[in-house]
Amino acid sequence: MSTTETKHCILEEIEKFRVDFPQVEIHSATKNFLTLIYQKSPHRRIKTTLTFPDGYPDQHALLVDIALEKGIAPGLRKKLIKELSAVALENQTEHDAGQIEPVASRLISFIDTNKFVPCWKELKQVFDKVQQSAQSPRGKGSTITINDTKGIIKLNLKDGKYYYACSICIDDAYPNTLDQQDWGNACKLIVNSTNFPPKIETLLTTQAKELVRRMQDGMQMEEAVRMSNPIKPPDDLFEMKKKAPKVRLSQQVLKNLHKDVETMAHVRDLRNIDAARNPNNAKLKANSARDRKEARREIGKITQNEIDKDNHDDEEERQWQMEEKARIEGYNFADYDGSNPQPSLFSLVVFLMEKIQQLPQELCPVCKEPSLPQDPGILESLYKSVTSATTDEEKKARRLARKQRPFRSHCGCWFHYSCLDKFMREPPFGEACPVDGRRVYHQDWPSSIKELERVWAGKEARKREIKDAMLLFT
């Protein structure tokens, strides 16, 4: 076939393809090459260039190239070039006919039946990460299976005796969603089975789903994890106070608290001087007018000093709030309106593996012992209600078991209930977590540092009164 005849055949083949495949955009077409674009969704889009070599179609097959555009992973590009080149070669050797339509048909079929096209690179990373976990002693038995056509990933994450089995469904418009009512479900997470207690599973699964939604809004993973935390701090609580102590014990803080207790005891003694009555005549005061006046004056001085101190603390608190408000105002939520959705598949799986699969390895920041027992059956028993117990011994056992129940604080660490209770109710108050340096908060405990200080100081004062009373009778 002459060169002129070959070029004429190529132009006829291109024109026939244009008529038979209207869903494919022809970006450019010449006698030497043809550039096609097929788009299933904005992020399932592949641009292909078919080059006609000398001797096409009877002597040489098409040369196929895939444009490395945004969202196209190098591994996917390599796979498609290999598959499409094989289709071209097969039609060249067996049919001695045009190769554009067979190659385009294979490309269309691949995009239409494979929902993982926009997350191909993430899927490879997820697969490698799960396989790596499955080779570790604790993660042995972890599995991952995929269904290209349905866009479903099935994960079975294991750590010791614990397991978390779930399905992740990829939306047709990933990393966005095809329908507005499905917003936030670019990666739809469905829990199939788990032996974590419902309170723990619901807490972490809820955050995982919220993570996907916020990344679809446009947030990066780190910010999305922070903003999706289901344990919300009060409005006046910061993640980290500007001057919060970074250690568990502070001699200066303890000294100040002991001084407060001594001050309260001194005020009590002064009030007794002013109010005490003569044991022989209740109408008469036990102390002289001068002594009572000095006592009242001293109480006034102490009270004024405490007021000045509280005002100073309030001013510092107000200053911190102003700084935090300024920082939050710099966080422009208009930037996260969904116009720039972020890929969330890999981030979701990383979250599930780090926050759920590895949860049995978490250590309590206070006692440094595992936050969860190694036996899921024991963990389940920690959540049994006291009211459902039938005997007094069983009720007592369940009350004791509750102290070992794992609680997650706002900072993300897992404490035993008794450890967190001690951490929150004993000085120094409002300190940072020993693990990550962030403020420890949980909605089951008061958030006000002053309230915690007053309660503790009151208990110490009562202890001292009891001790003094016991000394009177010895």
Side-chain angles (χ1 to χ4, degrees), residues 133 136 138-139 142 157-164 166 189 191 194-211 221-222 224-234 237 239-240 244 246-248 347-384 398-426 429-447:
S133 172
S136 65
R138 294 190 63 92
S142 296
L157 302 176
K158 293 188 176 182
D159 188 288
K161 296 180 180 180
Y162 289 91
Y163 68 88
Y164 181 90
C166 64
L189 177 63
V191 181
T194 181
N195 57 0
F196 285 100
K199 284 191 175 181
I200 293 179
E201 179 272 314
T202 301
L203 179 73
L204 294 176
T205 301
T206 299
Q207 183 173 5
K209 292 178 178 180
E210 181 66 9
L211 166 69
M221 179 184 178
E222 183 178 350
V225 170
R226 188 179 72 84
M227 296 297 292
S228 63
N229 191 344
I231 303 178
K232 302 299 182 184
L237 182 72
E239 285 190 20
M240 184 63 189
K246 294 184 178 181
V247 293
R248 173 62 180 158
S347 299
L348 171 61
V349 175
V350 168
F351 178 87
L352 294 176
M353 296 183 70
E354 291 183 353
K355 303 300 182 181
I356 298 180
Q357 182 187 14
Q358 297 178 16
L359 180 55
Q361 303 177 40
E362 287 276 342
L363 299 180
C364 173
V366 176
C367 68
K368 308 302 181 185
E369 294 294 327
S371 301
L372 275 64
Q374 297 303 305
D375 186 349
I378 296 177
L379 178 61
E380 183 182 1
S381 68
L382 301 182
Y383 284 88
K384 290 183 178 179
R398 292 187 181 182
R399 288 192 184 97
L400 291 174
R402 187 177 187 274
K403 294 182 178 181
Q404 292 300 113
R405 186 182 297 179
F407 272 65
R408 182 187 174 190
S409 69
H410 169 68
C411 70
C413 294
W414 288 84
F415 295 73
H416 298 119
Y417 174 84
S418 57
C419 295
L420 183 57
D421 187 65
K422 182 178 180 180
F423 193 93
M424 296 292 289
R425 296 186 186 279
E426 294 185 4
F429 302 104
E431 67 169 335
C433 175
V435 175
D436 56 26
R438 296 201 293 168
R439 170 72 188 273
V440 176
Y441 166 76
H442 193 281
Q443 58 264 32
D444 288 357
W445 283 263
S447 61

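The chain is numbered in sequence order, starting from 1.
Residues Y441 and Q443 have side chains in contact (heavy-atom distance under 4.5 Å, counting atoms from C-beta outward). The shortest side-chain heavy-atom distance between L189 and L352 falls under the 4.5 Å cut-off. Between L204 and R408 there is a side-chain heavy-atom pair separated by less than 4.5 Å. Looking at heavy atoms from C-beta onward, L379 lies in side-chain contact with I200 at the 4.5 angstrom threshold. D436 is listed as a side-chain neighbour of C413, based on a closest heavy-atom distance under 4.5 Å.
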Give the C-alpha distance, both sets of side-chain angles, the deciding distance and a yes or no for side chain to side chain contact (heavy atoms under 4.5 Å, CB included) between Q404 and S418. CA-CA 7 Å; Q404 292 300 113; S418 57; 3.9 Å; yes
Verdict with reasoning, I231 to L203, per side chain to side chain contact (heavy atoms under 4.5 Å, CB included): CA-CA 9 Å; I231 303 178; L203 179 73; 4.3 Å; yes
Please determine whether side chain to side chain contact (heavy atoms under 4.5 Å, CB included) holds for the pair V440 and M424, giving the CA-CA distance in whole Å, both sets of side-chain angles, and the decisive distance to 0.1 Å. CA-CA 8 Å; V440 176; M424 296 292 289; 3.9 Å; yes
Please walk me through it: do R405 and Y383 pass side chain to side chain contact (heavy atoms under 4.5 Å, CB included)? CA-CA 7 Å; R405 186 182 297 179; Y383 284 88; 3.4 Å; yes
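More than 12 heavy atoms of other shown residues, nucleotides or ligands fall within 6.0 angstrom of atom CD in Q361.
The closest donor-acceptor contact from the side chain of H416 to the backbone of P370 lies under 3.5 Å. Of the possible donor and acceptor atoms, none in the side chain of S347 sits under 3.5 Å from a partner among the backbone N and O of M221. Proximity of a side-chain donor or acceptor of S228 to a complementary backbone N or O of V225 within less than 3.5 Å is detected. Looking at N195, its side chain does come within 3.5 Å of a backbone N or O of K161 through a donor-acceptor pair. The main-chain N or O of H442 is never found under 3.5 Å from a side-chain atom of S409 such that the two would form a donor-acceptor pair.
Residue F196 holds its CZ atom at 8.5 Å from CD of Q357, rounded to the nearest 0.5 Å. We find the CG-NZ distance between L382 and K403 to be 13.5 Å, quoted to the nearest 0.5 Å. Atoms OH and CD1, from Y163 and I356 in turn, are 13.5 Å apart once rounded to the nearest 0.5 Å. In this structure, NZ on K158 lies 13.5 Å from CZ on R138, to the nearest 0.5 angstrom.
Of all heavy-atom pairs spanning M353 and S133, the tightest one is CE-CB, 3.6 Å. For the pair Q207 and P230, the tightest heavy-atom approach, listed with the atom from each and the gap, is OE1-CD, 3.5 Å. Of all heavy-atom pairs between P365 and W414, the closest is CD-O, 3.3 Å. The two atoms that bring C364 and S371 nearest to each other are N-OG, 3.2 Å, heavy atoms only. The two residues K355 and L359 make their nearest non-hydrogen contact at O-CB, 3.7 Å. Residues K368 and P434 approach most closely at NZ-CB, 4.5 Å, considering heavy atoms.
The distance between the ring centers of Y417 and F407 falls below 6.0 angstrom.
Ring orientation note: the planes of F415 and F423 are tilted relative to one another, at an angle of 30° to 60°.
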